[in-house]
Amino acid sequence: MPPPSPPLGSAIEAEFCCAASRTLSKMKRIKIACLLLVFVQQVVLGTHDVYIVTMEGDPVVSYQGGVEGFPATAVDLDEEMDVTSEAVTSYSLHLRRHHDNLLDSLFVEGTYEKLYSYHHLVNGFAVHMSSLQAEFLRKAPGVKYVERDMKIQKLTTHTPQFLGLPTGVWPTGGGFDRAGEDVVIGFVDSGIYPQHPSFSSHKTDPYGPVPRYKGKCEMDPVTRRSFCNGKIVGAQHFAKAAIAAGAFNPDIEFASPLDGDGHGSHTAAIAAGNNGIPVRMHGHEFGKASGMAPRARIAVYKVLYRLFGGYVADVVAAIDQAVQDGVDILNLSVGPNSPPTATRTTFLNPFDAALLSAVKAGVFVAQAAGNGGPFPKTLVSFSPWITTVAAGVDDRRYKNHLTLGNGKLLSGLGVSPATHGNKSFSLISAADALLGSSATKYIALDCQRPELLNKRKVQGKILLCGYSFNYISGTASIKKVSQTAKSLGAAGFIVAVENSYPGTKFDPVPVSIPGILITDVSKTTDLIDYYNSSTVRDWAGRATGFKATACIANGLAPTLYNSAPQVALFSSRGPDVKDFSFQDADVLKPDILAPGNLIWAAWAPNGTDESNYAGEGFAMVSGTSMAAPHIAGIAALIKQKNPKWSPSAIKSALMTTANTLDKGSHPLRAQQYTTSEMMTLSRATPFDCGSGAVNPKAALDPGLVLDATHEDYITFLCSIPDVNHSEVFNIAGSSCNSSSKGQRPYDLNIPSITISQLRGTETVKRTVTSVSEEPETYSIMTRMPPEIALDVTPPALTVLPGASREITATLTASLWDLLPPSSWVKAAAPRTPPCSMSATALRTGAAILRALSAASVAHLHAHALKLGVLPSCLHLCSALLKSYAASGRVAAARQLFDEISRRDVPLWNALLSAYARSGNPGHALSAASAMARDAGARPNGVSVTSLLSASAQLRSSVHGREIHGYAVRNVVLDLPVLNALVNMYGKCGLLADARTVFAGIGVGMRSDVSWTSMINACSENERPTEALEVFEEMRIAGFKVDEVTLLAVISACTKLDCTSSLGGWVEQCALENGFLKNTRVANALIHMHGKMGRVRRSCEILDSMGLRAVVSWTAIIQALAMNGQGVAALVRFAQMLREGFQPDEVIFLSIINACGHSSLINEGCQLFKSMVEEYRITPWMEHYGSVVDMLCKAGALDEAFEFTLAMTVKPDPVIWRVLAGACQDHGNASLARKVMDHVIGMEPDHEGNYVLASNLYAADEDWRRVVDVRLDMGVRKGTSRGAIAASYVEVNGD
């Protein structure tokens, strides 16, 4: 806790007043300002955060002069900056002092902590302060931008041979012992393990100095030895932001560049590790490891830590320092947890702005794309100046198999030796080897604890273990199974996956004894069936004879495939996004594909990132984190050959020479999910792999490059639609000038053209520059799907060495070509033509509309207008209306409708349906009135169905009955109308009327919609028992249950608080009909079991779900909350965030309630703060009420009162009454008086408030106030005093 504030008369007051008078000199009431600042000190010291601040004025790399006494420091790109020069040193010191002076003038020393001064790439600083101080700082002169810090995450050999480096690339640079010579690669990662042979300088040619690199080397605080050795030229760590945030634990983390995770050593070895290092593990050699550029130097900038990842403020400081030190290449296998929320544009955040300045300084940046695949828009690397790397699967796969005693062969994963002598051994399940009943405290079937199993039974047999969620959460590992089996003397082990865990990535793990992981659930079933049928058991079910046998094959040698590379399943996919609302950007991402699956490389023995490799010197790890250093190393080779090339030229060389075919000469393919969550292969798109798979040999001689300057990137930023130009200046440090007018984002001169919203025809130009030594002639070939027409000029061009030529590409959207020619109408006709679309054409057009995105529908609409088809063709208008309605674009639907002069009934029905289905029931009823006035349109049964749906949404029985009466008089009461009537009456609370309509539908006429509507009507009117009776009638009538009906039944069960047997029966019904894979059904079951107290089952359902939504997490958190398991709810909330879900208002309300139910006050308050500040969510009144209720339950009444007064909206009476009741419970009479003043002031006519106040004052024996309140109550009722009450007791008839 912070120390209490000193009295106002102390020296600190004078200091505060001095600060206030300097800052607020124009204010007359200085004393008020002083009091405010003292209050700020008192209340905010415990709620500090790290903020990144950018200042006016150029940083070192771009300072052109202008400040008196400080000469210019900027140099041309082809010049080398001397960071030790007097000009650079003095200007850097000037910026640091300016930062210090600003903070000193605004705040008192001790109320904030400046963590870093950024001066080389960015003019700014990182500071630990309160949110109030941050708001104050935003308004200070000279401050351009203030942003709250955010976390980052890790984006987690045979590949040199796979990429052709030993034969095609290294010889051109003097061989492997010169590949990458003197190029410095900076690694912003988790540090390095310098003792690893991959980083040794003992067994290689001596490393000379690199004069241009000025980085420093920290000393190991334990050994007192430097981390540098010639190969490693720099080693620093950055953790000030993490320490300020309270995340850094010195007992676990290393306050030095030492790698405590493994990730940093692995990435450094991939890019620049020594060549020919034997990869040995468990007595077996798996080959020789080598970096892409074995002679490149390594500069370490540690920003990632074991427990929490890292913080952007630390990363920006590391990048700033790395560029100042003189690195050539930056490798970033890190990225933000999600697109930034503090800036409107994705590219304008401190992380990407620092990298833009790094590129301006001539540093090539490679960044991992992210591991959120195969789902679209999951990238965490956004900007065009960064080379974003996707992960590929190379040609090496580790497979193994198991042969059962019955002759069946089961495939699996296992980098292990074969069973001894290739013989078969008896199988024993861990369940049959348990020791005693104490084992039930643990999940013994995971085989993680050898003390739970009977060694005498297991010895000499193959141990059969289960695969649970613990493996996915990281609390169980294959390595631990191997250790368990070995300690028990087992002949080997099998881990069998019995339940499907969609999204789980199964990787082979090297082990010292025979072992295999069976990942196919059907194979596991074969294994278990064979084991059970071959095991002898006594009358109690105990195993007495183990006759099942198996033989594990040798899995140490990999198999090579031609179908490589492939885009790995986990690799994040595009399209790129331009803002936090995930709108498509006009930038292609990822840029390129590189190996990132099962990569052997160095590992830190104390690393904790992969439990299967704890204590090992090498690890075989997957992730885009492994792909990025491949590109960083290859970029070093290009930089070595072409030291004057810009970062954009290097990126262009990599992209324009990439392969689009695999080793078998087939188009690249990408691993994807099917609808049943099974992995499959589909043809890769640029949003999967960018320009293709990296080709290092070709990249060394690209012939042509597309170059882009820093000014080009600024123009790109300024051309983004709706971008705030002042935000560009504040963050990127450059102004938008007149040259950016008329520019479009896709005019940026990069090796791709991406237009997210192609309307009509667009013309785009690119400039290519020759990097060849001789004149070369190029022919231009184009390929494009039929939806887009592409024309490129000139068809061929000759470019002289060093010269540039312009290429023009014209793209035309031709979506209309998808319709049959018979449906076309010539646009040149002099009059609006009649609709000539045939029935076949209409069906085709409707199918196309359903398949297209909303944007594409709008394009097709525009094209139809150009051709003159609209608005005469009412069939097409109707199809467009329905398409707009389905995508929620009601305004577009209404605009189209208003453009049509001749409207028929189907067109009116399309409009009514659009309103009803999009949640605009009032508009639907208004449109019906207009329809009734239209002489050519009379509502029919379809109209009535939509209007009844609108009435149901409004819960308006008045409108519903009126429409019912119209239907009886004017339309045929067919089944859809009757079903809609049942639904409407049920929603309006008129269950008897719903029953009457339902009864009038003949049993033979009823559909499943009829039954479901009636079940819902009963359930929604609090008649769950009756709902279940209707459901039973439906089953007897022979109707098949669908998911909609089942949802209604689950709702009834939840309200009934039904027995476990009934709940189990409902779940079994869902399972038998295949509905458990339906997200809505699974969510409803989670809620049902939670309300019944069966939280474990709720958790099991969530864990088994293949496709979760935020609603799924809300359901499980609510289930845990209502059962008082707040800690478990917090764990699930953290899991949700790790899986990349964005919390919404409802889930925050649920998790805060969970904290309140479990007395987790600090956690609940922190979550509320995070919701407002980090996620920018405006609280509902319910959020405020939950926090007040939580504080009241904990007895923190003063805090609850202050929180209520500080609410940004006016508290409702319920919140005040909750607080008043808490005052009564805790006997806080003085606060109760204040609270009741607010309660009665808000609701002076509410009698209950006077009763509550009277009871509060009576409990405090304040009888004068009791009398006053009762008199006030009497006045409010229109009498001078309360009515006199009397009572009597009759005794013996008297």
Side-chain angles (χ1 to χ4, degrees), residues 43 1091 1117-1118 1120-1126 1129 1145-1146 1148-1169 1171-1172 1179-1277 1282-1283 1285:
V43 300
K1091 190 172 181 186
I1117 289 172
Q1118 288 175 342
L1120 293 165
M1122 69 179 70
N1123 286 276
Q1125 297 188 25
E1145 294 89 344
V1146 178
F1148 267 114
L1149 182 61
S1150 302
I1151 191 65
I1152 292 171
N1153 281 333
C1155 292
H1157 288 316
S1158 301
S1159 302
L1160 300 170
I1161 310 306
N1162 292 334
E1163 290 81 358
C1165 292
Q1166 187 60 40
L1167 283 165
F1168 181 85
K1169 178 185 174 186
M1171 176 184 75
V1172 175
W1180 296 341
M1181 192 64 69
E1182 290 86 347
H1183 293 110
Y1184 288 115
S1186 294
V1187 175
V1188 171
D1189 182 59
M1190 177 175 63
L1191 293 169
C1192 288
K1193 286 179 179 177
L1197 302 184
D1198 291 335
E1199 289 85 348
F1201 183 68
E1202 292 173 5
F1203 177 83
T1204 306
L1205 291 178
M1207 285 171 54
T1208 57
V1209 295
K1210 185 177 181 180
D1212 65 8
V1214 175
I1215 290 180
W1216 286 116
R1217 280 197 287 270
V1218 168
L1219 188 52
C1223 291
Q1224 182 178 18
D1225 294 339
H1226 292 275
N1228 192 333
S1230 60
L1231 183 59
R1233 296 186 187 98
K1234 298 178 184 178
V1235 173
M1236 289 313 304
D1237 288 343
H1238 285 281
V1239 174
I1240 294 175
M1242 292 184 71
E1243 292 184 316
D1245 297 323
H1246 192 291
E1247 293 183 12
N1249 293 336
Y1250 295 94
V1251 175
L1252 177 60
S1254 175
N1255 292 340
L1256 283 168
Y1257 299 145
D1260 194 41
E1261 299 184 355
D1262 190 345
W1263 306 113
R1264 182 183 61 80
R1265 284 182 177 270
V1266 171
V1267 172
D1268 290 343
V1269 167
R1270 289 188 176 275
L1271 287 173
D1272 285 344
M1273 180 178 175
V1275 170
R1276 295 289 176 185
K1277 293 174 67 176

Is there a side chain to side chain contact (heavy atoms under 4.5 Å, CB included) between W1216 and V1188 once you walk through the steps? CA-CA 9 Å; W1216 286 116; V1188 171; over 6 Å; no
Could you check M1122 against K1091 for side chain to side chain contact (heavy atoms under 4.5 Å, CB included), going step by step and ending with a plain yes or no? CA-CA 7 Å; M1122 69 179 70; K1091 190 172 181 186; 4.0 Å; yes
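The nearest pair of heavy atoms linking S1150 to A1121 is O-CB, 4.3 Å. Scanning all heavy atoms of the two residues, the minimum distance from G1124 to S1158 falls at O-OG, 3.1 Å. For the pair M1190 and G1156, the tightest heavy-atom approach, listed with the atom from each and the gap, is CG-CA, 3.7 Å. Taking both residues in full, the closest heavy atoms of I1117 and A1129 are given as CG1-O, 4.0 Å, listed atom of the first, atom of the second, then distance.
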List the atom pairs, with distances to 0.1 Å, where a side-chain N or O of residues 1196-1212 and a protein N or O form a donor-acceptor pair under 3.5 Å, not counting sequence neighbours.
unit_1	atom_1	unit_2	atom_2	d
T1204	OG1	A1200	O	2.7
T1208	OG1	Y1184	OH	2.8
D1212	OD1	V1214	N	3.4
D1212	OD1	I1215	N	3.1

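With sequence neighbours excluded, the residues satisfying side chain to side chain donor-acceptor pair (under 3.5 Å) with D1189 are K1193.
With H1183 contributing its side chain and E1145 its backbone, the two residues share a donor-acceptor pair below 3.5 Å.
The CE atom of M1171 lies 8.5 Å from the CG atom of L1149; values are rounded to the nearest 0.5 Å. Here CD1 of I1152 is found 11.5 Å from CD of E1182. Values are rounded to the nearest 0.5 Å.
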